[in-house]
Amino acid sequence: MKLKTILLRAALISLILLPAAGCAAQQKSGLSEAAGKYSQILFYIDRLYMEDVDLDALVDRAVTAMVGELDPHSAYISAEDVRAMNEPLQGEFEGIGIEFAVIRDTLTVQATVAGGPSERVGLLAGDKIVRVDTSDIAGIGLSNEDVYGYLRGPKGTKVGLGVLRKGVSGILDFTVVRDKIPINSLDAAYIVDGDVLYLKLSRFAIKSGEEIAEAFRSAGTEIHGVILDLRSNTGGYLPTAIDIADEFLEAGDLIVYTEGRAMPRLQESAMGDGLYCEGPLVVMIDENSASASEIVAGAIQDQDRGIIVGRRSFGKGLVQQAIPLEDGSELRLTVARYHTPSGRVIQSPYEAGHADEYYRNFYERYVRGESFSRDSIQFPDSLKFRTLKLGRTVYGGGGIMPDVFVPQDTASYSDYYASLLRQGLVIEYVNGLCDRNRSEWTMKYRSFERFDRSFSVTDDMVDGLVALASERGIELKEDELERSREDLCLYMKALVASSIVSRDCFYRVMNSQSPEFQAALEALREASLSRNALL
């Protein structure tokens, strides 16, 4: 982690913890009175109330309500929820290292993590885990949370597995020693058009920068274009966002600055030693891109470094500091606002204490037609800003507005297809399909190119999905199925590619028909040809 990033984090922590360290002179005069009143109420409830009271639960609810009167992103998080929320960002957990699915009430290995403990003892994709230690787990209504409880545990502990394997009689016994398992935040990295590196980042985790650096090292060719896909990336660690933006910007380029009532202006600038400081660059965003995604996209746009493609981002531009409490819970308190290099505020407008209205306003963007037409988004002159190198007009007022707008394509949408997705039936059916055909398909499709050329979703496969849906109470609507058939088949093919070939092949398939991805490629080509390209 870079020195300036360390200093930024340290400054945030020190500013927040200062009052807790006993600096009463800097506290408002009303703080002691308010705290005393709250303590008195708890005291009298504990001593005088007619029945026993769970004070911990009472305090949790009171604190949740109190924080709810602030901005929409401040939050109190109970101790049991803290680890679950931090785990994807910390980039690893301790367990046996498998990707799994529960198929027909049986835990089925979809893939083993490369170099992980399960791969080391010889577990294979398609294996069915029917026993964990002395507990039979097949046919008991297993949930994903149950699986985590059985298989995760401290590094170095052992777990016994009973496994059914196709073509082998009886139950195979394995002993797996749990270890630290990495959680990748880079969902896909592959070469397009011979020399363009596509990077799909799902979140900004501690090790995201390392994953991107490894993708550049492993590209196997000289890179002449990069597409950084931040669609549906809801954010993560601020230091990671700064580090990733730094990989693309020139020395001295401002990345972001923050300001708050109790903290001075803090800013971060690029060091100029990044992986790809020159060359065509496109950043893809959509309405679900938020926070750290908006910091990166805003910096790239304001510094005229690359082209932003997609739809207006969410608009989460508030800095939360995670403050650990004595019982293991956390207060995630908003301490400042993010500003892009040109001075734009990323945060969408809100009224304190009205989080429901804030999120309702976000969903009403769709009703107003924002997803389908750039003209439906109106900005007053007061929200116009200028980029720092070319002086282009960009807009504040919440979120990042792309340079190239791509409307959402809903022509193939149908309620029937949506029902299949909501109920998880497409994934369930394809998991079963891959399970039954894994040996044959793995041998047949040894590369993505061969898979993409040869594999197609047949009518029989679609009929099988329809039959499963019917069993689960979803009545077939033939006209809606036909309207959504092309999208459905594409999604099914992408799921098969992910399971049979490799995880990033899901995006290779989906991007082949994605209007946003095609627009990103076109913008990259134009940037390569134009003398006035944003480099």
Side-chain angles (χ1 to χ4, degrees), residues 97-103 107-116 118-120 122-128 165-167 181-202 211-212 214-221 227 229 231-232 421 424-458 460-462 464-465 486-514 516-518 521:
I98 62 170
E99 294 179 17
F100 69 89
V102 178
I103 301 174
L107 173 58
T108 303
V109 178
Q110 297 291 92
T112 56
V113 174
S118 289
E119 184 187 64
R120 291 197 293 267
L123 252 65
L124 301 174
D127 284 349
K128 301 180 187 302
R165 178 171 292 170
K166 195 170 184 178
I181 310 300
I183 302 177
N184 294 326
S185 57
L186 189 64
D187 287 347
Y190 62 90
I191 297 296
V192 187
D193 284 358
D195 59 1
V196 173
L197 179 60
Y198 169 82
L199 303 168
K200 170 62 179 176
L201 192 68
S202 60
E211 293 178 55
I212 288 177
E214 178 58 29
F216 273 90
R217 286 192 294 270
S218 304
T221 186
I227 297 175
D229 189 349
R231 289 175 297 174
S232 295
L421 295 175
L425 295 181
V426 183
I427 293 176
E428 179 182 344
Y429 177 75
V430 172
N431 281 340
L433 196 64
C434 292
D435 186 46
R436 294 190 296 274
N437 295 279
R438 188 173 304 278
S439 297
E440 176 190 348
W441 287 353
T442 301
M443 291 293 294
K444 186 175 182 180
Y445 305 118
R446 293 182 176 274
S447 69
F448 173 74
E449 290 72 22
R450 184 169 183 179
F451 173 88
D452 195 39
R453 225 175 22 247
S454 305
F455 183 88
S456 61
V457 175
T458 65
D460 286 344
M461 293 177 187
V462 176
L465 172 60
E486 185 176 346
D487 280 4
L488 171 61
C489 290
L490 181 71
Y491 183 48
M492 291 174 67
K493 180 176 180 177
L495 291 172
V496 173
S498 176
S499 181
I500 298 299
V501 187
S502 67
R503 185 182 179 188
D504 66 354
C505 291
F506 175 87
Y507 293 95
R508 294 196 187 202
V509 173
M510 295 300 292
N511 284 339
S512 68
Q513 302 299 319
S514 164
E516 295 94 339
F517 181 76
Q518 300 306 319
L521 270 181

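Below, each value reflects all heavy atoms present in this structure, side chains not excepted, and no hydrogens, waters or symmetry copies. What you see is a predicted model, and the numbers here were worked out from it, not measured in a lab.
- In this structure, OG on Ser185 lies 7.0 Å from CD1 on Ile212, to the nearest 0.5 angstrom.
- Put simply, the side chain of Lys493 never gets that close to the backbone of Phe506: no donor and acceptor are under 3.5 Å apart.
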Candidate pair Met443 and Arg446, rule side chain to side chain contact (heavy atoms under 4.5 Å, CB included), full reasoning: CA-CA 6 Å; Met443 291 293 294; Arg446 293 182 176 274; 3.0 Å; yes

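- Between the side chains of Asp504 and Ser502, at least one donor N or O lies within less than 3.5 Å of an accepting N or O.
- The shortest side-chain heavy-atom distance between Glu119 and Leu124 does not fall under the 4.5 Å cut-off.
- Checked by atom type, the side-chain pair Asn511/Tyr190 shows a donor-acceptor distance below 3.5 Å.
- The shortest non-hydrogen separation linking Leu433 to Met461 is CD2-SD, 3.9 Å.
- Aromatic ring centroids of Phe517 and Tyr198 lie under 6.0 Å apart.
- Defined by atom type and a distance below 3.5 Å, a donor-acceptor pair is missing between the side-chain atoms of Arg120 and Thr112.
- Between Phe451 and Trp441, a ring centre-to-centre spacing not shorter than 6.0 Å is recorded.
- A 6.0 Å sphere centred on CD of Glu486 holds no more than 12 heavy atoms belonging to other residues, nucleotides or ligands.
- For the residue pair Phe448 and Val509, the shortest heavy atom distance occurs at CE1-CG2, 3.8 Å.
- One finds the CE atom of Met492 at 12.0 Å from the CD1 atom of Ile427 (value rounded to the nearest 0.5 Å).
- Across all non-hydrogen atoms, the minimal contact from Ile500 to Arg438 is CD1-NH1, 4.0 Å.
- For the atom pair CG (Leu197) and CD1 (Ile227), the distance works out to 9.0 Å, reported to the nearest 0.5 Å.
- Nearest heavy-atom pair, Ser512 versus Leu490, reported as atom, atom and distance to 0.1 Å: OG-CD1, 4.2 Å.
- Ion pairing between a basic and an acidic side chain is recognised when a charged N comes within 4.0 Å of a carboxylate O; Asp127 and Arg165 show such pairing.
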Residue pair Asp187, Arg503: steps toward the salt bridge (charged side-chain N to carboxylate O under 4.0 Å, His left out) verdict: CA-CA 7 Å; Asp187 287 347; Arg503 185 182 179 188; 3.1 Å; yes

Side chain to side chain contact (heavy atoms under 4.5 Å, CB included) between Asp460 and Val462, worked out: CA-CA 5 Å; Asp460 286 344; Val462 176; over 6 Å; no

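- Considering CG of Leu495 and SG of Cys505, their distance stands at 12.5 Å, rounded to 0.5 Å.
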